[in-house]
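Computed over heavy atoms, backbone and side chain alike; hydrogens, waters and symmetry mates excluded. Each chain gets a letter, A, B and so on, in the order its sequence line appears, and its residues count up from 1.
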Protein chains: 2
Amino acid sequence: MVVTDAPPQPGIHPGCQRVIEIFGRLGDKWTILSILMLTEKPRRFNELKRLIGGISQQMLTRTLKALERDGMLTRTVYPTVPPQVEYALTPLGRSLSEPLLQLASWTLEHVGDIEDHRVAHDGKKATGEERGG
Amino acid sequence: MVVTDAPPQPGIHPGCQRVIEIFGRLGDKWTILSILMLTEKPRRFNELKRLIGGISQQMLTRTLKALERDGMLTRTVYPTVPPQVEYALTPLGRSLSEPLLQLASWTLEHVGDIEDHRVAHDGKKATGEERGG
DNA sequence: CAGAATCCTCAAGGATACTG
DNA sequence: CAGTATCCTTGAGGATTCTG
């Protein structure tokens with residue numbers, strides 16, 4: 001997402017700006033997944049890649065770097081012969097995983113309703129358009 | 001975000017797919033904000049636009065349509081002379097606003113930590129690069 | 001006021017090849 | 001194994017114009 005740094009939006013009070021910025025970060029398709037995959041225990045790079053599934057190593061690198069910069073996780077390099085890097089949530093990251101898990105749980109609980117409603121909505125729209133055209 | 005419908009990812013169990021899809025929806029920069037702006041009470045189109053601040057009517061329209069399709073909100077048209085449209089959360093939408101508010105609250109609480117860590121991280125990196133080159 | 005349609009930009013994100 | 005560098009496509013999202 002964009003939400004560069006502080007887009008000059010006069011309307012909203014400053015707090016919302018930060019929320020937007022963080023939400024933007026969370027919404028970048030892989031961030032939340034990465035955090036969730038680390039809640040159980042620390043993981044290595046390719047382990048994460050496998051677990052998340054469908055992410056390119058490019059994006060995983062970017063995502064993990066951004067999360068490290070934000071203090072959400074730590075990156076530990078073990079100077080072994082085949083290089084080994086371990087990613088682990090910081091306390092901050094772990095504290096974020098709580099509301100995130102709540103959200104995930106909400107999603108699992110209601111995704112059926114949503115999909116049902118989509119079908120109904122699309123069906124209704126199609127019928128309406130048929131009558132119209 | 002992309003996450004079209006069901007990207008064939010063999011690794012993860014099906015439930016995660018839906019979570020990803022919904023998270024993608026939530027991450028599209030305006031969805032969460034729109035929902036949060038409707039938690040208090042129903043709002044009209046331009047009222048929302050003002051409240052959210054910085055959103056184009058194009059994106060507001062798209063966002064609201066998508067949310068309506070998902071059953072998160074209802075769109076009520078009052079056939080008055082200056083057309084009046086009111087958006088209100090459905091029970092489903094309201095139920096989503098709960099974990100969302102938790103997340104917002106987490107963000108407000110920790111955004112300071114994050115920003116501090118960013119500064120520290122960028123500073124350290126700059127120093128390291130200075131030494132390196 | 002609420003929205004549809006059109007145009008345009010820019011960056012998210014994928015694919016591939018290369019490195020240490 | 002764990003990245004980095006490069007190229008490329010797609011679409012999110014902004015700005016503007018037109019309508020009812």
| Think B:K65 has a side-chain N or O under 4.0 angstrom from the OP1 or OP2 of C:dA4? | yes

| said: Of the listed nucleotides (D:dG20, D:dC1, D:dG13), which one gets closest to any side-chain atom of B:P83? | reply: D:dG20

| task | Measure distances between side-chain N and O atoms of B:Q58 and base N and O atoms of C:dT6, and say whether any donor-acceptor pair falls under 3.5 Å. | result | yes

| Nearest listed nucleotide, side chain of A:Q84, among D:dA2, C:dG3, D:dG3 | D:dA2

| query | Expressed in angstrom and rounded to an integer, what is the separation of B:E68 atom CD from C:dG3 atom C1'? | reply | 13 Å

| task | Might you point out which heavy atoms bring A:S34 and A:T63 nearest each other, and give the distance in Å? | result | OG-CG2, 3.6 Å

| query | Of all the choices, C:dA4, C:dG14, C:dA2, which nucleotide is nearest to the side chain of A:W30 once you look at every atom? | reply | C:dG14

| task | Please answer whether the main-chain N or O of B:D28 pairs with a side-chain N or O of B:T31 as donor and acceptor at a distance below 3.5 Å. | result | no

| message | By nearest heavy atom, map B:S56 and A:E47 onto DNA chain D; which one lands nearer the 5' end? | response | A:E47

| said: Any side-chain N or O of B:R75 below 4.0 angstrom from OP1/OP2 of C:dG3? | reply: yes

| request: Examine C:dA2: is either OP1 or OP2 under 4.0 Å from a nitrogen or oxygen in the side chain of B:R44? Give yes or no. | output: yes

| task | Please check the phosphate of D:dG14 (OP1 and OP2 only) for any side-chain N or O of B:K29 closer than 4.0 Å. | result | yes

| query | Counting just side-chain N and O atoms, does B:Y87 come under 4.0 Å of either OP1 or OP2 of C:dC1? | reply | no

